[in-house]
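One structure is given here, and the rest of the page talks about it.
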Amino acid sequence: MSLNRLELSGEFAQVAELRYTPAGIPVLSFVLKHLSEQVEAGMKRKVECDVSSVAIGPLALEVQEINSGTQVKVTGFLAKRSLKSSQLVLHIQTLERII
């Protein structure tokens with residue numbers, strides 16, 4: 001079984017300029033700033049991280065309209081930034097604003 005699904009909430013930040021692939025597909029890169037408190041081994045732990053993220057296709061155009069600082073909940077999958085990189089990027093499949 002191969003499972004690769006991530007659900008995360010955070011603040012929409014560091015939005016790059018919308019770009020297009022050679023095939024004309026819109027791509028929008030941004031950072032999701034996550035802050036939460038989790039329980040690990042029975043102890044509370046503060047979790048704070050910046051997650052490199054990307055929205056591709058029609059979702060990129062939709063995400064482009066969101067202002068930095070907006071709280072969002074996303075689902076997606078992790079993949080390497082490129083063939084030669086080991087850095088992970090969260091590929092967004094769904095995004096909803098948290099009000």
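Values below: every heavy atom of this structure, side chains too, minus hydrogens, waters and symmetry copies.
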With rounding to the nearest 0.5 angstrom, report the CD to NZ distance, Gln38 to Lys46. 13.0 Å
Work out which heavy atom in Leu18 is nearest to a heavy atom in Gln64; give both atom names and the distance. CD2-OE1, 3.5 Å
Taking all heavy atoms of Ala13 and all of Ser68, pick out the closest pair and write down the distance. CA-OG, 4.3 Å
Looking only at heavy atoms, what is the nearest atom pair of Asn4 and Phe77, with distance? O-CB, 3.3 Å
Are more than 12 heavy atoms from other residues, nucleotides or ligands located less than 6.0 Å from atom CD of Glu17? no
Pairwise distance CZ(Arg97) to CD(Glu65) - rounded to 0.5 angstrom: 8.0 Å
Do Thr75 and Arg5 have side chains that approach each other closer than 4.5 Å (heavy atoms only, starting at C-beta)? yes
Is Leu95 linked to Val51 within one hydrophobic cluster, defined over Ile, Leu, Val, Met, Phe, Trp and Tyr using a side-chain heavy-atom separation of less than 4.5 Å? yes
Nearest heavy-atom contact between Gln87 and Ser52 is NE2-OG, 4.0 Å
Is it true that Arg45 and Glu40 make a salt bridge, defined as a side-chain N closer than 4.0 Å to a carboxylate O? yes
Could you pull out the closest heavy-atom pair between Leu6 and Leu90, with the gap in Å? CD2-CD1, 3.8 Å
Distance-only criterion, 3.5 Å: show the donor-acceptor pairs between side-chain atoms of residues 23-35 and protein atoms not counting sequence neighbours.
residue : atom : partner : partner atom : Å
Lys33   : NZ   : Asp50   : OD1          : 3.4
Lys33   : NZ   : Asp50   : OD2          : 3.2
His34   : ND1  : Ser9    : O            : 2.7
His34   : NE2  : Ser36   : OG           : 2.8

Without swapping roles, check the side chain of Thr70 against the backbone of Asn67 for a donor-acceptor pair under 3.5 Å. yes
Test side chain to side chain contact (heavy atoms under 4.5 Å, CB included) on Lys73 and Leu8 and set out the steps. CA-CA 6 Å; Lys73 176 182 170 186; Leu8 195 64; over 6 Å; no
Quick check: are there more than 12 heavy atoms from other residues, nucleotides or ligands sitting under 6.0 Å from NZ of Lys80? yes
Side chain to side chain contact (heavy atoms under 4.5 Å, CB included), that's the test. Do Val63 and Val15 meet it? Break it down for me. CA-CA 10 Å; Val63 171; Val15 185; over 6 Å; no
Atom of His91, atom of Ile56 and distance for their closest heavy-atom approach: ND1-CD1, 4.0 Å
